[in-house]
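All remarks here apply to the structure that follows.
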Amino acid sequence: MPLDLFNTLTRRKEHFEPLVAGKVGLYVCGPTVYDYAHIGNARPVVVFDVLYRLLKHLYPEVRYVRNITDVDDKIIDRARLSGEPIDSVTTRTTDAYHQDMAALNALPPDIEPRATRHIAQMVRMIGKLIDQGNAYEADGHVLFSVPSMADYGMLSRRSRDELIAGARVEVAPYKRDPADFVLWKPSVDDCPGWPSPWGRGRPGWHIECSAMAAEHLGETFDIHGGGLDLIFPHHENEIAQSVCSHGGAPLARYWVHNGFLTVEGEKMSKSLGNFFTVRDLLGEFPGEAIRLTLLGAHYRQPLDFTRDLLRQSKGNLDRWYNALRCADEAPSKADVPFEVLAALEDDLNTPMAIGHVHALATALNKATDPAEKARLKGGLLAAGCLLGILQQDPVAWFQGEAGDAATDDAAMIEDLIERRKEARKSKNFAEADRIRKELTDMGIVLEDGPGGTTWKRA
RNA sequence: GGCGCGGUGGCAGAGUGGUGAUGCAGCGGACUGCAAAUCCGUAUAUGUGGGUUCGAUUCCCACCCGUGCCUCCA
């Protein structure tokens, strides 16, 4: 079965075919590194991580590029406000981003280009656009001339007139046309800047992605991803810059956009105080539960992110890890169950895939034949691998660190369990229940099974 | 104002032109010293009004409600 993806360019689901057989190029807009990643930033990372895993499963060669925007006015503002040097802000934030995304089981991209290391490519691209009459210099800025491109607005399906009519922002006086946008802007002495034919300055936001995508994936590549909000203006402008500077060659063939998320029913915003950083949430929930929550709704649907949903996701993972824990044999390499693969190949239908994972877990719990159990466990693990979940040791999942003293705890817990076992043996159930209560108060849940008593953290 | 998206059981959330997945929560059972986990069974839903059709939750129209974007926010 082929992979189907909803292409924003055509607004319909299409069969995916790589430009070059067997090779796939994927570009996703990465973070501007001025602050910790919030849960809204994490959604595209997790969604496109599943796409990346799926593509790797289906094609021998995948090149995933996700940039780091390390020059931007927000970074400059942040540094100015806090007094922290810009380099320190971007380095520190980039490191935190890597840690947080790793905690969500997101694989690192193959290439993670930084804007500041592609200034030369941007300057070259801007120069070409000026030479061709697609851009002009005005008042120290270089602007892209939107009227110079006949089919500007293809992706967002907006005409230039509509854009102007709906504009809420005051038009800068140096623009020839209200829709024109900045490619290069002048930098004053205390701002980061690079020499250019148009004076010392820094790039506009959109040109960064155009230059980095071309550098690492070529003029035309397969899939470009990002959040819904980037369709306009960011991706529209990326297309304009790239197509015009590449002699009309299309930028990406498939455009994939994830939907937005709200938090507890409201738009996430700092003023509402519902601004969850991934870092904060990781203090409360396992990264895997956060990841599963983000995959719980189809990627193009809006998602209302709540603590209740996180608890449910944690519960689902408990159920699956429990099924894995109760089956000891598994083949080292198993095929991804057909239903799970088919769900993901149908425009990344993760909720449906999750439904099939539940079915696998139920079947595994019911199975008694060792060969059947091994087969199902292998399938569950393979499905989990494609979704980026269920890859840790089940015992570690249930008993894993609740704090620094976790290992000391374990010995003490085992000791109490042993004492309870003695009490039960001598039918002293009052004492047995007292011990269990003691453990419950510590957040430890006991499970008496045919093979003895196991424990987990609540 | 322009463009777009969505409204499915208590909650979350899929699919589908022909008696509506899955998980959680609920209820009943099995198992258990009691629990937990697990398994089995079970009740409850397609915003409103039209249209097309033998038949619509699915297609079309209107309305209501919610929501996103409209120059640097994933």
Side-chain angles (χ1 to χ4, degrees), chain A residues 8 11 28-32 37-48 69 72-74 144 146 153 156-159 161-172 175 178-182 185 204-206 208 225-234 236-237 257-262 265-269 293 296-298 300-304 306 308-309 311-316 318-320 322-323 325-326 343 346 349-359 361-362 364-366 424 427-430 432-433 436-437 440 445-450 453-456 458:
Chain A
T8 307
R11 309 284 155 111
V28 175
C29 291
T32 299
H38 56 66
I39 190 65
N41 296 316
R43 188 177 193 189
V45 172
V46 169
V47 163
F48 291 108
T69 294
D72 181 272
D73 287 1
K74 285 195 294 286
F144 185 90
V146 167
S156 59
R157 304 200 171 184
R158 293 160 205 256
S159 71
D161 293 343
E162 283 167 0
L163 292 177
I164 295 164
R168 296 179 305 190
V169 175
E170 202 179 330
V171 177
K175 289 187 179 181
D180 294 349
F181 58 89
V182 172
K185 61 175 103 178
W205 178 36
H206 317 301
E208 297 179 359
L228 203 62
D229 59 323
L230 294 181
I231 294 174
F232 187 87
H234 185 52
E236 197 69 75
N237 293 349
H257 291 97
N258 63 276
F260 252 50
L261 62 77
T262 52
E266 285 178 313
K267 183 177 169 150
M268 186 166 54
S269 79
T293 301
H298 184 85
R300 284 190 284 113
Q301 293 301 116
L303 170 63
D304 188 32
T306 63
D308 188 51
L309 225 45
R311 278 186 286 270
Q312 275 199 35
S313 298
K314 166 74 164 55
N316 283 343
D318 283 344
R319 181 174 136 79
W320 299 335
N322 180 254
R325 183 175 58 170
C326 296
D346 183 11
N349 194 334
T350 51
M352 175 156 275
I354 289 167
H356 290 303
V357 171
H358 276 297
T362 302
L364 178 55
N365 283 331
K366 281 161 74 167
R424 290 180 72 210
K427 303 271 192 238
N428 185 354
F429 295 122
D433 289 346
R436 182 165 60 196
K437 174 72 163 54
T440 304
V445 176
L446 296 186
E447 297 178 1
D448 297 328
T453 300
T454 58
W455 64 275
K456 64 182 183 185

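Quantities reported herein were computed from a predicted structural model and do not represent experimental measurements. Basis for what follows: all heavy atoms, side chains included, without hydrogens, waters or symmetry-related copies. Just so we're on the same page: letters track the sequence lines, and every chain starts at 1.
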Within the pair [X] and [N], is there a side-chain N or O less than 4.0 Å away from OP1 or OP2?
X	N	value
A:K175	B:U71	no
A:N41	B:A74	yes
A:R319	B:A36	no

[X] [atom1] - [N] [atom2] separation (whole Å):
X	N	atom1	atom2	result
A:D318	B:A36	CG	C1'	12 Å
A:N237	B:C70	CG	P	12 Å
A:E208	B:U71	CD	P	19 Å
A:R157	B:C70	CZ	C1'	17 Å
A:R300	B:G4	CZ	P	16 Å
A:N258	B:C69	CG	P	13 Å
A:K456	B:A36	NZ	C1'	7 Å
A:R158	B:U71	CZ	P	8 Å

Rounding to an integer number of angstrom, what distance separates [N] and [M] when you compare their [atom1] atoms?
N	M	atom1	result
B:G51	B:A56	C1'	12 Å
B:U52	B:G4	P	27 Å
B:A25	B:G10	C1'	7 Å
B:G18	B:C60	P	16 Å
B:G50	B:A43	P	30 Å
B:G26	B:A45	C1'	16 Å
B:G7	B:C59	P	11 Å
B:C24	B:C40	P	11 Å

Checklist entry - Which residues satisfy the side chain to side chain donor-acceptor pair (under 3.5 Å) test with A:W320, sequence neighbours excluded? => result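 Once residues adjacent in sequence are excluded, the partners of A:W320 under the side chain to side chain donor-acceptor pair (under 3.5 Å) criterion are A:H358.
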Item to check | Partner set under side chain to side chain contact (heavy atoms under 4.5 Å, CB included) for A:V47, not counting sequence neighbours | outcome: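 A:V47 satisfies side chain to side chain contact (heavy atoms under 4.5 Å, CB included) with A:R43, A:Y299, A:L348 only.
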Next on the checklist: Can you list everything that forms a side chain to side chain contact (heavy atoms under 4.5 Å, CB included) with A:T454? Sequence neighbours excluded, please.
Outcome noted: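 A:T454 satisfies side chain to side chain contact (heavy atoms under 4.5 Å, CB included) with A:R325, A:E447 once adjacent residues are dropped.
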Checklist entry - Between A:T32 and A:D72, do the side chains contain an N or O donor and an N or O acceptor separated by less than 3.5 Å? => result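 Absent: no donor and acceptor within the cut-off.
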Checklist entry - Judged by modelled atom types alone, do A:R300 and A:T8 share a side-chain donor-acceptor pair under 3.5 Å? => result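 Their side chains do not contain a donor-acceptor pair, so the 3.5 Å distance test is not met.
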What contact category does [X] fall into here, base, sugar-phosphate, or nothing, at under 4.0 angstrom with non-hydrogen atoms?
X	result
A:T362	sugar-phosphate
A:L228	nothing
A:K314	nothing
A:N322	sugar-phosphate
A:I354	nothing
A:H358	sugar-phosphate

In Å and rounded to the nearest 0.5 Å, what is the [atom1] to [atom2] distance from [X] to [Y]?
X	Y	atom1	atom2	result
A:T293	A:I39	OG1	CD1	7.5 Å
A:E208	A:C29	CD	SG	10.0 Å
A:W455	A:L446	CH2	CG	10.0 Å

Compare all side-chain heavy atoms of [X] with those of [Y] and state whether any distance is below 4.5 angstrom.
X	Y	answer
A:D73	A:K185	yes
A:N258	A:F48	yes
A:N237	A:F181	yes

N/O-N/O pairs, protein side and nucleotides 30-34 of chain B side, under 3.5 Å:
{"from": "B:G33", "atom 1": "O6", "to": "A:R420", "atom 2": "NH2", "distance (Å)": "3.4"}
{"from": "B:G33", "atom 1": "O6", "to": "A:R424", "atom 2": "NE", "distance (Å)": "3.3"}
{"from": "B:G33", "atom 1": "N1", "to": "A:D433", "atom 2": "OD1", "distance (Å)": "3.0"}
{"from": "B:G33", "atom 1": "N2", "to": "A:D433", "atom 2": "OD1", "distance (Å)": "3.4"}
{"from": "B:G33", "atom 1": "N2", "to": "A:D433", "atom 2": "OD2", "distance (Å)": "2.6"}
{"from": "B:C34", "atom 1": "O2", "to": "A:R436", "atom 2": "NH2", "distance (Å)": "2.3"}
{"from": "B:C34", "atom 1": "N3", "to": "A:R436", "atom 2": "NH1", "distance (Å)": "3.1"}
{"from": "B:C34", "atom 1": "N3", "to": "A:R436", "atom 2": "NH2", "distance (Å)": "3.1"}
{"from": "B:C34", "atom 1": "N4", "to": "A:D448", "atom 2": "OD2", "distance (Å)": "3.0"}

Which pairs, protein N/O on one side and nucleotides 11-14 of chain B N/O on the other, fall under 3.5 Å?
{"from": "B:A14", "atom 1": "OP1", "to": "A:H298", "atom 2": "N", "distance (Å)": "2.8"}
{"from": "B:A14", "atom 1": "O3'", "to": "A:N349", "atom 2": "ND2", "distance (Å)": "3.2"}

Item to check | Of A:H206 and A:R11, the one whose closest RNA chain B nucleotide lies more 5' | outcome: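 Here A:R11 is the residue nearer the 5' end.
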Checklist entry - Under 6.0 Å from the six-membered ring centre of A:F429 and within 45° of its axis: does the NZ or CZ of A:R424 meet both? => result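 No cation-pi geometry.
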Checklist entry - Which class fits the ring pair A:H234 and A:H206: parallel under 30°, tilted 30 to 60°, perpendicular over 60°? => result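 Rings of A:H234 and A:H206: tilted, as their planes differ by 30° to 60°.
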Item to check | Consecutive Watson-Crick or G-U pairs in runs of at least 3, all under 3.5 Å, in which RNA chain B is involved | outcome: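 When the pairs of RNA chain B are grouped into runs of at least three, the stems are B:1-7 with B:64-70, B:10-12 with B:22-24, B:26-30 with B:38-42, B:47-51 with B:59-63.
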Checklist entry - Is the shortest side-chain N to carboxylate O distance from A:K456 to A:D318 below 4.0 Å? => result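 Here A:K456 does not pair with A:D318 in a salt bridge, since their nearest N and O are not under 4.0 Å apart.
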Next on the checklist: Check for me: is A:F260 stacked on B:A74 by the 5.5 Å centroid and 30° plane-angle rule?
Outcome noted: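 It does: the ring sits over the base of B:A74.
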